[in-house]
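For reference, the structure is listed below as structure tokens.
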Amino acid sequence: MNRYVTAPARLGETPLPDGRLVGWAEWGPEDGVPVLLCPGAATSRWLGFGPDVVAARGLRLVSLDRPGLGASTPHPGRTFADFAADVRHLAARRGLGRPPVVGNSQGAPFALACAEADVVAAVAVVSGADDVASAVVPAAVSGAPADEGRQPDEPAATGFAAAVPAHLRELVERTAADPRGAEEFFAGFTADAMAHLVRTNSPACDLAVYQDPGFDAAYRRALDEGFAQGAAAGYARDAVLAMSRWPFALDRITVPVDLWYGAHDASHSPDHGARLATRIPGARRHVVPGAGGSLLWTDPGPILATLLDRAAGKG
């Protein structure tokens with residue numbers, strides 16, 4: 001068994017009320033304890049994590065293709081609220097109840113949107129994309145997709161904003177000023193470009209994962225599937241949503257949330273989720289020494305153990 005990832009045990013598509021399909025992949029027994037996965041940027045349902053832990057705990061790990069990625073039908077103009085509604089329907093159809101959810105990288109705000117909508121029982125944000133726009137773009141000038149519960153400006157975010165890398169600030173400001181133009185820009189991305197972006201400037205602890213032959217094959221397959229319908233079908237919208245001011249109310253989240261970052265992760269959050277943790281009631285932040293952005297694959301044991309305990313009200 002590969003240390004980082006194995007092929008799914010089951011693949012399928014579930015119809016939604018409007019006729020769209022949601023693609024999913026599952027690992028572990030069909031009657032296992034459900035755990036949802038919101039994958040990272042542009043990756044499809046194919047890329048799971050923690051095969052040894054999933055097997056040992058008898059989990060039913062369910063990874064979802066967001067609209068336009070992999071096997072899921074595109075949904076132009078979709079919002080975070082739309083995604084949470086899709087997950088609610090899928091969970092009912094698939095008998096998942098209110099499962100705990102892992103949001104990795106760009107999947108983090110989608111997992112948090114599900115928490116704000118009370119669709120899930122607990123959240124583990126792992127190497128999560130941060131709400132950068134709320135710190136660097138005033139709400140009054142944001143052209144982000146509208147939704148209820150938009151977060152107010154925060155004077156305390158000054159230090160966080162100063163730590164945002166220049167290239168990320170430029171993308172966030174560009175998205176705020178012209179979200180449609182930004183979506184057209186992101187629509188030009190390819191699987192090769194994304195793979196190169198992920199590996200560029202990665203620390204040695206991450207390259208050890210990314211260059212593992214088994215992981216590399218699974219990751220490239222997930223990227224190829226994620227871009228199979230074209231970046232305009234799914235990834236571009238995901239990127240605009242994630243880089244805009246998140247429109248849902250973080251302070252309304254009542255389920256347990258844990259934020260996990262590797263100490264060497266320099267790409268997902270300027271402060272390893274410190275500011276984000278203060279905005280979510282009761283959130284706990286974990287910074288893992290010696291780890292990087294590949295934390296989901298290097299440290300699945302404590303992440304899943306904590307998530308399951310929190311969902312069961314044990315911590």
Side-chain angles (χ1 to χ4, degrees), residues 3-5 9 24 26-40 48-64 84 87-88 90-92 94-105 107-130 248-263 265 268-269 272-291 294-315:
R3 174 187 175 190
Y4 300 120
V5 63
W24 49 264
E26 293 188 353
W27 293 258
E30 290 188 81
D31 60 352
V33 177
V35 174
L36 287 183
L37 171 62
C38 291
F49 71 98
D52 292 338
V53 181
V54 169
R57 287 184 167 269
L59 302 181
R60 179 187 176 190
L61 179 64
V62 185
S63 181
L64 306 181
V87 172
R88 187 188 301 276
L90 176 84
R94 299 283 301 156
L96 305 178
R98 286 178 67 246
V101 61
V102 175
N104 177 235
S105 188
F110 293 92
L112 290 171
C114 289
E116 196 268 349
D118 201 31
V119 176
V120 296
V123 179
V125 167
V126 184
S127 306
D130 211 327
F248 45 88
L250 292 169
D251 60 359
R252 293 181 191 170
I253 293 176
T254 59
V255 304
V257 176
D258 286 84
L259 309 174
W260 295 84
Y261 290 89
D265 182 358
H268 291 102
S269 171
H272 293 141
R275 171 176 170 263
L276 184 57
T278 67
R279 302 172 68 204
I280 303 171
R284 298 178 182 177
R285 186 172 72 107
H286 314 262
V287 179
V288 181
S294 59
L295 185 64
L296 183 65
W297 296 281
T298 59
D299 292 79
I303 292 169
L304 284 170
T306 301
L307 178 65
L308 293 169
D309 282 349
R310 295 271 270 164
K314 297 180 181 178

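For this chain, numbers begin at 1 and follow the sequence in order.
Contact of the His286 side chain with the Asp258 side chain is registered, since non-hydrogen atoms from C-beta on lie closer than 4.5 Å. Considering only heavy atoms from C-beta on, Leu307 stays 4.5 Å or farther from Trp260 through its side chain. Side-chain contact between Phe110 and Val101: absent, with no pair of heavy atoms (C-beta onward) separated by less than 4.5 Å. Looking only at side-chain heavy atoms (C-beta outward), Val102 and Phe49 come within less than 4.5 Å of each other. Inter-residue side-chain proximity for Asp118 and Arg98 is flagged as met; some heavy-atom pair is nearer than 4.5 Å. Side chains of Leu112 and Ile280 form a contact here, defined as non-hydrogen atoms less than 4.5 Å apart. Ser294 has its side chain out of reach of Tyr4: every pair of non-hydrogen atoms, C-beta onward, lies at least 4.5 Å apart. Counting heavy atoms from C-beta on, the side chains of Tyr261 and Leu276 come closer than 4.5 Å.
Between Gly48 and Trp297 the shortest heavy-atom distance is O-NE1, 2.9 Å. The minimum heavy-atom distance between Ala277 and Arg285, with the atom names listed, is CB-CB, 4.3 Å. Residues Pro289 and Ala263 approach most closely at CA-CB, 4.0 Å, considering heavy atoms. Taking every heavy atom of both residues into account, Gly103 and Ala111 meet most closely at CA-CB, 3.8 Å. Scanning all heavy atoms of the two residues, the minimum distance from Asp265 to Ser127 falls at OD2-CB, 3.8 Å. What you find for Gly262 and Val287 is that their closest heavy atoms are C-CG1, 4.5 Å.
With rounding to the nearest 0.5 angstrom, the CG atom of Leu295 is 12.0 Å from the OG atom of Ser105. Note that CG of Leu37 and CD of Glu26 are 12.0 Å apart. Values are rounded to the nearest 0.5 Å. The distance from the CD1 atom of Ile303 to the OG1 atom of Thr298 is 7.0 Å, given to the nearest 0.5 Å. Note that the CG atom of Asp130 and the CZ atom of Arg279 stand 8.0 Å from one another [nearest 0.5 Å]. Atoms CG and OG, on Leu259 and Ser269 in that order, are 8.5 Å from each other to the nearest 0.5 Å. Between the CG atom in Asp52 and the CZ atom in Arg57 there is a gap of 13.0 Å [rounded to 0.5 Å].
Shown are Val120, Leu308, Val62; of these, the side chain to side chain contact (heavy atoms under 4.5 Å, CB included) with Val35 is made only by Leu308.
Put simply, the side chain of Arg310 never gets that close to the backbone of Ala124: no donor and acceptor are under 3.5 Å apart. Looking at Asp309, its side chain never comes within 3.5 Å of a backbone N or O of Lys314 through a donor-acceptor pair.
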_Run Cys38 and Leu64 through side-chain contact (heavy atoms from CB on, under 4.5 Å) and show every step you take._
CA-CA 6 Å; Cys38 291; Leu64 306 181; 5.6 Å; no
